Structure formats: C-alpha cells, structure tokens
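Inspection log for the structure reproduced underneath, given as structure tokens.
As the structure is a computational prediction, the values presented were derived from the model and not from experiment. Count residues from 1 along the sequence. In each ligand, atom 1 is the first atom listed, and ligand 1 is the first ligand listed.
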Amino acid sequence: MNGKIVIITGANSGIGKAAAFKFAAEGYRVIMACRNREISAAVQRELIETTKNNEVDLMELDVSSFDSIRNFCAAFKAKYPLLNILIHNAAYLNHGEKEYKLSPDHIELSFATNAFGPTLMTRLLADHLARSQDPRVLNACTTNIKNFFDPKRTIEFDNLRGELKDTRPYSTYKMYGDSKMALLMLTFKAAEEFKSRGIKVNAIQINRVKLSKETIKKMKSFWRVLAWAQNITNPLPAGMADNYFQITTSDEFKDITGQLINHEREIVKPASTEKGFTQLKNIFGSSSYPSYAANPVNVERIWSLSNLLTED
Ligand SMILES: NC(=O)c1ccc[n+]([C@@H]2O[C@H](COP(=O)([O-])OP(=O)(O)OC[C@H]3O[C@@H](n4cnc5c(N)ncnc54)[C@H](OP(=O)(O)O)[C@@H]3O)[C@@H](O)[C@H]2O)c1
C-alpha cells in the first residue's frame, strides 16, 4: 500500500469502476464516492477481493445535490487527513430522456451533476488537496464538446434554472454537451484559482468506451439497441481508466494544469482556425477544441454563475 488517497466519483460502474480497480491494484487508498449504497457495496467487495487491497472505502455522494456534496466533504475531512487525487468521473446523461429535469437545488440536472457539483466539491476539498505533495484533480469531459465548432452553438445560460423548461425544446444530448463544455471552462478557471496552492486541475476528453450493462439497462429500448451495437466496437473502460491513472500519478503530467488531455494522452489545443479544411480536421480529429471554450467572456460567465449558485 502506498498510503495515497484517491476519491473517484461514480466508482461503481464503467470507467469509474475500472479506475477504482486500477488504483486499488496499485496500492492506493480508494474512496468510492457513489450514490447507490447497495449496488456500490457489492462493487466495493469485488474490488477488495480481486485486488487484495482492503483500503477501498465507500462513502455516499449524490453529485447533483449540493447538500450531499457538503455532507460528503465534511465526512471525508473528518475521516482522512489529506487528499492526493480527486477524479470527477460521475455524470448524468439519460439517453433518450425527453423531460427537462431539475436537481434538488433547482438547477438543470446535467449542469448540477456534470459542472457545478464537481466544481463545488473541488473547492470544498481544496484545503485537503493542498496538504498533499502533488495534488491533482481530473474532470471527465467528452468529445461531444466538438459540437461547439458550430458557430451558432452556445450554452443556454438563460435556461439553467428551469426558466424556459416548458417553452424551449429540450435535448438531453445538448444539455449534456453544454454541461461538459461548462466543465471544461470551469477546469481552466479552477486551474488558475488553485495554481498558487500547487493543485493541478485538468480535464480528459473521453471519446468512446463500452457502456456497462447496468447503464444500458436504464435506457429506453431504441437507445438500448444502439448502445449494444456500439459496444461491439467500443474499447473496454480499462484503457480510459489507465489514462485517468497516468494523468493523475505519472511524472509526465506532474506540472501540467489547466489542460484538456485526449484519449491518447496528448494535450488538446484551442482550434487555430474554424474554417475550411482545418475545420474538418478539428471536427474529425481529437487534437483541438472549439474556440468557444477559450473565449474569456464565456469562461468568466460560467465561473461567476458557478460561484453564485454554489456559494454558502
Ligand atoms: N462511455 C463513453 O463512451 C463516454 C464518452 C464520453 C464521456 N464519458 C464520460 O465518462 C464518465 C464515465 O462514464 P461511463 O461511460 O463510465 O458511464 P457509467 O458506467 O454510466 O458511469 C456513470 C457513473 O456516474 C454515476 N452517477 C451519475 N449521476 C450521479 C450522481 N448524481 N451522484 C453520484 N454518482 C452519479 C453513476 O452512478 P449510478 O450507477 O448510481 O447511476 C455511475 O457510477 C462520465 O463523466 C461520462 O460523461 C463516457
């Protein structure tokens, strides 16, 4: 056991579970931060049995609820003296969902779970992170943000608290992509904010990974068939879990902060131009992200909204 502590949200399924397995196998003390105690306890037992690492802890967390995040962070701080690594892996995307949903804090559910919740949690754990030698935070982003190469695409800032939920058409994919774009911009700001305390904050651009059967079971029938079909060619979560591990532990990323890193562990750059042949390369490649994410007006807007919504 190496005594280092890692928190992984959504560690009961998919990439999060594979990452928990990897860290446990490498001798880390793993905190599984999960919302479903019964399902997650079975995964915890499986991890302990297969890795022979008894230091796999399970703590309750609903990332969509700010109260739950506050309770989790208070309980974690009372139990552990510091934190080495924080991985925001959990996310909300209910394939085929037609209904706009609000979190317990009356925030659109994808934004609460995928953007504002993780940002609040990083802030509440910053002191504990700063106590470790080489603290690192990793946010799970997605290639879905490439939709922002469309110059008309914007985050619906006017509809994040249900303002237009009954009148504006809702797409769960758009909200998911918007929330992950928000997460990327919040990653840039958090990296700046915590730089002086030595905390590195990066995001990983996940392209495609096999979905777990539990996740597929939750989908509506059309999406279930599509997901099974895509699963035939999609790679296993272990590869992406290995990326989580390398980015948060290896010397290669020791001094990297405020970056988006792709599935091949290359730094993704802001697009130099969004026209012609270069734009086709932007869209089909994985080496550049939309200029929307680098626009200081957008970044400041999401950062101040996040602070406003999550302040005590
Ligand atoms: N798989 C892909 O192809 C792909 C592509 C791009 C990005 N990603 C990103 O990769 C990450 C992992 O996805 P995955 O494919 O491994 O999906 P997954 O197997 O469905 O795992 C998602 C995890 O998040 C948890 N979760 C959701 N809402 C939560 C909440 N409110 N509080 C606590 N936990 C919550 C789920 O818990 P429950 O089991 O309780 O629901 C589950 O453990 C996500 O951030 C996703 O956006 C995945």
Is there at least one pair of N or O atoms, one from [X] and one from ligand 1, spaced under 3.5 Å apart?
{"X": "Ile15", "answer": "yes"}
{"X": "Tyr176", "answer": "yes"}
{"X": "Thr142", "answer": "no"}
{"X": "Arg35", "answer": "yes"}
{"X": "Asn36", "answer": "no"}
{"X": "Gly10", "answer": "yes"}
{"X": "Cys34", "answer": "no"}

*For the residue pair Tyr92 and Tyr176, is the inter-centroid distance of their aromatic rings smaller than 6.0 Å?*
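No, ring centres 6.0 Å or more apart.
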
*Assess the pair Phe157 and Phe111: is the distance between their ring centroids shorter than 6.0 Å?*
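Not under 6.0 Å, so no.
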
*Within 45 degrees of the axis of the six-membered ring of Tyr292 and under 6.0 Å from its centre: does Arg153 put its NZ or CZ there?*
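So Arg153 doesn't make the cation-pi contact.
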
Find all atoms of ligand 1 within a distance of less than 4.0 Å from any non-hydrogen atom belonging to [X], and give their numbers and elements.
{"X": "Val63", "result": "30 (C), 31 (N), 32 (N), 33 (C)"}
{"X": "Ala90", "result": "24 (O), 25 (C), 26 (N), 34 (N), 35 (C)"}
{"X": "Ser64", "result": "31 (N)"}
{"X": "Gly14", "result": "16 (O), 19 (O)"}
{"X": "Ala140", "result": "45 (O)"}
{"X": "Leu61", "result": "32 (N), 33 (C)"}

*Check each heavy atom of Glu214 against ligand 1 and say whether those closer than 4.0 Å belong to the side chain, the backbone, both or neither.*
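It is neither part, as no heavy atom is under 4.0 Å.
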
*If you measure from each non-hydrogen atom of Thr215 to ligand 1, which part falls under 4.0 Å: side chain, backbone, both or neither?*
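Side chain only; the backbone of Thr215 stays clear of ligand 1.
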
*What's the shortest heavy-atom distance between Cys73 and Met121, and which atoms?*
SG-CG, 4.0 Å

_Qualifying residue for ring pair (Phe, Tyr, Trp, His ring centres under 6.0 Å) with Tyr289, from Phe188, Phe149, Phe148_ = Phe188

*Within a strict 4.5 Å, meaning less than it, do heavy atoms of the Ser272 and Ser288 side chains meet?*
no

*Scan side-chain atoms only and decide if Thr122 and His88 contain a donor-acceptor pair under the 3.5 Å cut-off.*
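The answer is yes; a qualifying pair exists.
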
*Would you tell me whether Ser286 and Glu264 have side-chain atoms, one donor and one acceptor, within less than 3.5 Å of each other?*
no

With a cutoff of 4.0 Å, is [X] in contact with ligand 1, counting heavy atoms of the residue only?
{"X": "Leu93", "answer": "no"}
{"X": "Asn207", "answer": "yes"}
{"X": "Lys218", "answer": "yes"}
{"X": "Cys141", "answer": "yes"}

*Heavy-atom distance from atom 17 (O) of ligand 1 to the protein below 4.0 Å?*
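Under 4.0 Å from atom 17 (O) of ligand 1, zero protein heavy atoms found.
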
*Considering only non-hydrogen protein atoms, determine which one is nearest to atom 45 (O) of ligand 1 and report residue, atom name and distance to 0.1 Å.*
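Here the nearest protein heavy atom works out to Asn89 O, 2.7 Å.
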
*Once the angle between the rings of Tyr173 and Trp223 is folded into 0 to 90°, is it parallel (under 30°), tilted (30 to 60°) or perpendicular (over 60°)?*
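Geometry flag for Trp223 against Tyr173: tilted rings.
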
